[in-house]
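Remember, it's 1-based here, ligands and their atoms both numbered in the order they're listed. Note that these values count all heavy atoms, side chains included, but never hydrogens, waters or copies made by symmetry. Start at 1 with the first residue, then count along the sequence.
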Amino acid sequence: MTNHIQDTTILNNGVKMPWLGLGVFKVEEGAELVNAVRAAIVHGYRSIDTAAIYGNEQGVGEGIQAGISEAGIKREELFITSKVWNDDLGFDATIKAFETSLEKLGLNYLDLYLIHWPVEGKFKEAWRALEQLYKEGKIKAIGVSNFQIHHLEELMKDASIMPVINQVERHPRLTNKELLQYCQEKGIQLEAWSPLMQGQILDNEVLLSIAEKHNKSTAQVILRWNLQNQVVIIPKSTKEHRIIQNADLYDFELLQEEMEIIDGLNQNLRVGPDPDNFDF
Ligand SMILES: NC(=O)c1ccc[n+]([C@@H]2O[C@H](COP(=O)([O-])OP(=O)(O)OC[C@H]3O[C@@H](n4cnc5c(N)ncnc54)[C@H](OP(=O)(O)O)[C@@H]3O)[C@@H](O)[C@H]2O)c1
């Protein structure tokens, strides 16, 4: 069990990934972004999750450099993730997209690179590109995002390297239990995006009562529920006090009974697109 902000899960290729990272979806280039990434690193975060489509890799890169210098750490102590967008799925296009991301971030390798969405007929070629980049040492680990079980099965038919991660929407209204169990059986680490349901479940009465018992916030309860389920989390905030709060998860433990109550909030309700029915 994780009991420190920098604790890691060991991915199926032996690479260590922090259980907690900062998400930066919808944060535009600029001082707020740079400061959020910097603050997260200074407050002990070691993982940052971005994507080409977020259009903010440059600022993330600046925040990383600022964080490294202020925290007095080395780049190797960080775990940086980006993702290839749908328009760039294809062998050559994916290699090129990767190089562009790397350049914008100002880095010479990525820790994790993901196929952002499982576009049918396209993701296998992109995966071949990821495998090559991995073999060349330009990425420490390769994975996918928004893959359902059938997408994973399809990918693994031809893959020579298994994905280490599947990053999917997961929160108390979309517990994704079947997918979680499948990934755990296959040794694919599940990672939750929109773990706080983009802020839409934080005033839920059930969560509030559990939070009150532990003298914590509902956000902390949800994040802790993920950690106790062995799920990696990347909550997004640009507010320094929330960045700190979202990492203050290690002085309490949810009871089995509380874990089940939170599971019981599931309604298979998405705040993001459905991986089986999207048109972008
Ligand atoms: N792979 C994918 O397709 C995909 C899709 C979506 C997201 N993601 C990744 O997952 C990350 C997280 O998901 P998300 O950004 O969609 O949503 P989220 O982390 O579930 O929620 C973020 C929202 O909650 C607020 N918030 C954060 N901490 C809080 C706290 N302690 N108390 C109250 N409010 C709080 C934030 O506001 P403030 O910023 O104002 O604090 C923001 O509005 C993204 O940033 C991105 O890196 C991936």
Problem set entry | Intermediate values then yes/no, ring-ring contact (aromatic ring centres under 6.0 Å, His included), Tyr134 and Tyr113 | CA-CA 9 Å; Tyr134 174 73; Tyr113 197 47; over 10 Å; no
For this session: Could you walk me through whether Asp111 and Arg75 pass side-chain contact (heavy atoms from CB on, under 4.5 Å), step by step?
Result: CA-CA 11 Å; Asp111 295 277; Arg75 186 272 174 255; 2.9 Å; yes
For this session: Decide yes or no on side chain to side chain donor-acceptor pair (under 3.5 Å) for Gln245 and Ser217, but give the supporting numbers first.
Result: CA-CA 8 Å; Gln245 186 197 120; Ser217 71; 2.6 Å; yes
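Note on ligand 1: Pro235 sits in its first shell, one or more heavy atoms being nearer than 4.0 Å.
Residue Leu196 has at least one N or O atom closer than 3.5 Å to an N or O atom of ligand 1. Polar contact check, Lys83 against ligand 1: no nitrogen or oxygen pair lies under 3.5 Å apart. Looking at ligand 1, you'll find an N or O of Gln198 within less than 3.5 Å of one of its N or O atoms.
Atoms of ligand 1 found under 4.0 Å from any heavy atom of Thr238, numbered from 1 in the order shown, are 39 (O). If you number the atoms of ligand 1 from 1 as listed, the ones under 4.0 Å from a heavy atom of His116 come out as 1 (N), 2 (C), 3 (O). Which parts of ligand 1 touch Asp49 is read off a 4.0 Å heavy-atom cut-off, strictly below it: atoms 9 (C), 46 (C), 47 (O). Set against the non-hydrogen atoms of Ala219, the atoms of ligand 1 under 4.0 Å away are 30 (C), 31 (N). Residue Val24 has at least one heavy-atom neighbour below 4.0 Å for each of these atoms of ligand 1: 45 (O), 47 (O). Atom numbering of ligand 1 starts at 1 in the shown order; those under 4.0 Å from a heavy atom of Met197 are 20 (O).
Protein heavy atom at the shortest distance from atom 36 (C) of ligand 1 is Lys236 O, 3.5 Å. Looking at atom 40 (O) of ligand 1, its nearest protein heavy atom turns out to be Lys239 NZ, 2.5 Å. Taking atom 3 (O) of ligand 1 as the reference point, the nearest protein heavy-atom neighbour is Asn146 ND2, 2.9 Å. Atom 44 (C) of ligand 1 has as its closest protein heavy atom Phe25 CB, 3.3 Å. For atom 13 (O) of ligand 1, the nearest non-hydrogen atom of the protein is Ser194 N, 3.0 Å. Closest to atom 38 (P) of ligand 1, if we only count protein heavy atoms, is Arg242 NH1, 3.2 Å. From the protein, the heavy atom lying nearest to atom 28 (N) of ligand 1 is Asn246 ND2, 3.0 Å. Scanning the protein for heavy atoms near atom 24 (O) of ligand 1, the closest one is Gly199 N, 3.8 Å.
For the pair Arg46 and Phe79, the cation-pi test (distance below 6.0 Å, angle within 45°) is failed. A cation-pi arrangement is present between Lys140 and Tyr109, with the terminal nitrogen or guanidinium carbon under 6.0 Å from the aromatic centre and inside a 45° cone about the axis. A cation-pi arrangement is absent between Arg224 and Trp19 under the rule of less than 6.0 angstrom and at most 45 degrees off the ring axis.
Here the CE atom belonging to Met162 is positioned 11.0 Å from the CD1 atom belonging to Ile142, to the nearest 0.5 angstrom. Here the CD-NZ distance, from Glu258 to Lys213, works out to 5.5 Å after rounding to the nearest 0.5 Å.
Contact between Leu110 and Ile80 at its shortest, heavy atoms only, is CD2-O, 3.9 Å.
Ring geometry, Trp85 versus Phe280: the interplanar angle falls under 30°, so the pair is classed parallel (tilted spans 30 to 60°).
A side-chain contact (heavy atoms from CB on, under 4.5 Å) with Ile188 is found for one member of Leu152, Leu179, Ile165 and no other, namely Leu152.
The proximity of Pro195 to ligand 1, defined as any non-hydrogen pair under 4.0 Å, involves the side chain as well as the backbone. Both the backbone and the side chain of Ser237 come within contact range of ligand 1, each with a heavy atom under 4.0 Å. With a 4.0 Å heavy-atom cut-off, ligand 1 is reached by no atom of Val271.
Gln167 places a side-chain heavy atom less than 4.5 Å from the side chain of Ile234.
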